[in-house]
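Values reported hereafter were calculated over all heavy atoms of this structure, with side chains retained and with hydrogens, waters and symmetry mates removed. Residue indices begin at 1 and follow the sequence shown. For ligands, and for the atoms within them, numbers begin at 1 and follow the listed sequence.
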Amino acid sequence: MNTISAVGVVGSGTMGRGIAESALRAGMQVVLYDSSQDALSAARKHIEGNLQRSVVKEQLTAQQASDHLASLKTAGELGAFSGCQLAIEAVPEILEVKLAVLASLAEHVAGTAIIASNTSSIPVTRLAQGVANRDRFLGVHFFNPVPRMPLVEVVRTLHSSDASVAVARDFVESGLGKTPVIIEDRPGFVVNALLIPFLLAAARMLDSGYAEAETIDTSMRLGCGHPMGPLTLADFIGLDVVCAAADAMHGETHDPALVVPNNLRRLVEAGHFGAKTGRGFLAHETSE
Ligand SMILES: NC(=O)c1ccc[n+]([C@@H]2O[C@H](COP(=O)([O-])OP(=O)(O)OC[C@H]3O[C@@H](n4cnc5c(N)ncnc54)[C@H](O)[C@@H]3O)[C@@H](O)[C@H]2O)c1
């Protein structure tokens with residue numbers, strides 16, 4: 001049974017605002033903190049827009065949408081997290097930034113609160129050094145877009161207590177209505193350990209002239225039933241995110257399948273991150 005009714009989220013970017021929205025829709029109180037006031041305002045606007053769209057689609061009543069929005073508190077300091085039973089960090093994938101945020105979080109939440117990281121590729125055990133009570137620290141790896149993606153990888157470290165893992169599992173399952181998988185702290189966990197080498201193989205195939213982008217994507221869509229081809233998927237994940245995940249996993253494993261091919265590296269160096277910038281392996285219309 002879920003015991004979490006108040007969640008703090010640090011970082012209100014793509015993932016943080018999605019985690020916040022999912023918790024709000026599940027009836028929880030949410031405190032959202034970001035070092036950027038602009039990011040916080042954008043996150044509130046984004047969540048409000050999504051809730052309103054659900055009202056138009058008659059998935060929520062206007063009253064429910066307004067109640068959910070009223071349960072969202074945006075905060076300019078971490079002191080606002082004192083009443084949260086769970087705090088999740090979703091700040092950029094930079095070890096030093098995450099360690100500083102986690103150390104600060106540990107000072108501001110109650111001694112009984114669970115602290116979690118949404119890291120994609122930094123070993124959760126390495127992040128645990130930022131937290132005083134390591135038994136209450138673990139990974140909760142959500143997928144983008146969070147409100148729509150049903151899986152959460154709950155990552156336990158050698159320090160995580162069984163009780164903390166059970167609280168996180170119940171939060172995901174009976175709290176958010178998503179599906180948790182409990183896994184050990186391995187590079188890429190399960191999903192990225194399988195997905196990233198696949199995306200890099202598609203990029204390598206394109207880079208070597210083995211096949212055109214459209215041929216690669218169409219083949220995997222129609223031949224394997226994938227909803228989108230690997231190059232389109234990489235563009236939607238963000239080529240910068242794919243590259244960073246590959247580099248981090250390669251740093252841990254030295255697996256040649258995780259070496260970033262030149263075409264992908266050059267696109268990222270040129271600032272062509274995929275759908276969010278309008279150009280990646282393919283051309284995209286930018287929305288926001
Ligand atoms: N984007 C994805 O598809 C995805 C999927 C799963 C996991 N993740 C992981 O989630 C985390 C966040 O990724 P994202 O895509 O949401 O990033 P993002 O860049 O969209 O958002 C990060 C937010 O953190 C804020 N921030 C930066 N430094 C901060 C600090 N010191 N204190 C408070 N806020 C700070 C930024 O202002 C920004 O709003 C990363 O660890 C990433 O690896 C991302």
Side-chain angles (χ1 to χ4, degrees), residues 8-22 31-47 74-81 87-109 115-124 126-127 130 138-155 172 178 181 183 187-196 199 228 232-249 251-252 268 271 273-277 280 287-288:
V9 181
V10 187
S12 63
T14 307
M15 297 306 288
R17 67 189 181 188
I19 296 167
E21 182 182 329
S22 295
V31 183
L32 189 54
Y33 165 82
D34 199 290
S35 53
S36 153
Q37 186 55 49
D38 287 350
L40 270 183
S41 307
R44 179 179 280 280
K45 211 171 137 208
H46 177 87
I47 292 171
T74 46
E77 40 94 23
L78 286 175
F81 280 43
I88 302 172
E89 74 75 15
V91 297
E93 192 78 344
I94 302 166
L95 178 66
E96 296 70 30
V97 174
K98 285 194 185 289
L99 286 177
V101 163
L102 289 168
S104 189
L105 255 184
E107 282 172 21
H108 286 93
V109 296
I115 300 179
S117 171
N118 185 51
T119 182
S120 303
S121 55
I122 300 174
V124 181
R126 195 167 299 157
L127 293 173
L138 34 73
V140 284
H141 185 225
F142 287 83
F143 293 83
N144 184 27
V146 180
R148 288 218 304 275
M149 295 298 275
L151 186 76
V152 180
E153 294 177 315
V154 175
V155 185
V172 170
K178 294 184 184 290
V181 284
I183 52 182
F189 313 133
V190 169
V191 172
N192 281 342
L194 293 168
L195 177 65
I196 298 294
L199 299 181
M228 60 177 84
T232 305
L233 178 58
D235 274 4
F236 276 103
I237 291 171
L239 299 186
D240 52 334
V241 175
V242 172
C243 231
D247 285 340
M249 289 163 63
E252 290 290 314
V268 171
F273 296 159
K276 61 189 167 188
T277 60
S287 54
E288 282 183 272

State the atoms of ligand 1, each with its element, that fall below the 4.0 Å cut-off from a heavy-atom position in [X].
X	value
Lys98	40 (C), 41 (O)
His141	6 (C), 7 (C)
Gly13	16 (O), 20 (O), 21 (O), 23 (C), 39 (O)
Pro92	22 (C), 24 (O), 26 (N), 27 (C), 28 (N)
Ser120	6 (C), 7 (C), 8 (N), 9 (C), 42 (C), 43 (O), 44 (C)
Ala39	39 (O)
Val101	30 (C), 31 (N), 32 (N)
Val10	33 (C)

Kindly say whether [Y] contributes a backbone atom to a donor-acceptor pair with the side chain of [X] at under 3.5 angstrom?
X	Y	result
Asn118	Phe142	yes
Thr277	Gly274	yes
Ser22	Gly18	yes
Glu153	Val191	yes
Asp34	Ser12	yes

(message) My understanding is that we take every heavy atom of each candidate and find the minimum distance to atom 12 (C) of ligand 1. Doing that for Ala90, Ala100, Ser117, Ala248, which one comes out nearest?
(response)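 Heavy atom nearest to atom 12 (C) of ligand 1 belongs to Ala90.
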(request) Considering only NZ, NE, NH1 and NH2 on the basic side and carboxylate oxygens on the acidic side, decide whether Asp240 and Lys276 come within less than 4.0 Å. (result)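 Looking at Lys276 together with Asp240, the answer is yes, because their closest N to O distance falls below 4.0 Å.
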(request) Could you tell me whether Arg126 and Glu252 have a side-chain N and a carboxylate O separated by less than 4.0 Å? (result)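 Counted as a salt bridge, because a side-chain N and a carboxylate O are separated by less than 4.0 Å.
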(request) Return yes if a side-chain donor-acceptor contact under 3.5 Å exists between Glu93 and Ser121, otherwise no. (result)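 Present: a donor and an acceptor within the cut-off.
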So is [X] polar-close to ligand 1, meaning N/O to N/O under 3.5 Å?
X	answer
Tyr33	no
Ser36	no
Thr119	no
Gly16	no

(request) Could you tell me whether the side chain of Ile122 reaches within less than 4.5 Å of the side chain of Lys98, counting heavy atoms only? (result)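 Yes - at least one pair of side-chain heavy atoms lies under 4.5 Å apart.
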(request) Specify the protein heavy atom at minimum distance from atom 3 (O) of ligand 1: its residue, its atom name, and the distance to 0.1 Å. (result)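 Of every protein heavy atom, Asn144 CB, 3.4 Å lies nearest to atom 3 (O) of ligand 1.
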(message) Looking only at protein heavy atoms, which one is nearest to atom 16 (O) of ligand 1, and what is the separation?
(response)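 For atom 16 (O) of ligand 1, the nearest protein heavy atom comes out as Met15 N, 2.8 Å.
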(message) Between Phe189 and His141, does the ring-ring contact (aromatic ring centres under 6.0 Å, His included) criterion hold? Intermediate values first, please.
(response) CA-CA 9 Å; Phe189 313 133; His141 185 225; 5.5 Å; yes
(message) Any protein heavy-atom neighbour for atom 32 (N) of ligand 1 (distance below 4.0 angstrom)?
(response)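 Flag for atom 32 (N) of ligand 1 set to true, protein heavy atom closer than 4.0 Å.
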(message) Quick check on Phe142 - does any of its heavy atoms sit under 4.0 Å from an atom of ligand 1?
(response)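 The answer is yes: ligand 1 sits under 4.0 Å from a heavy atom of Phe142.
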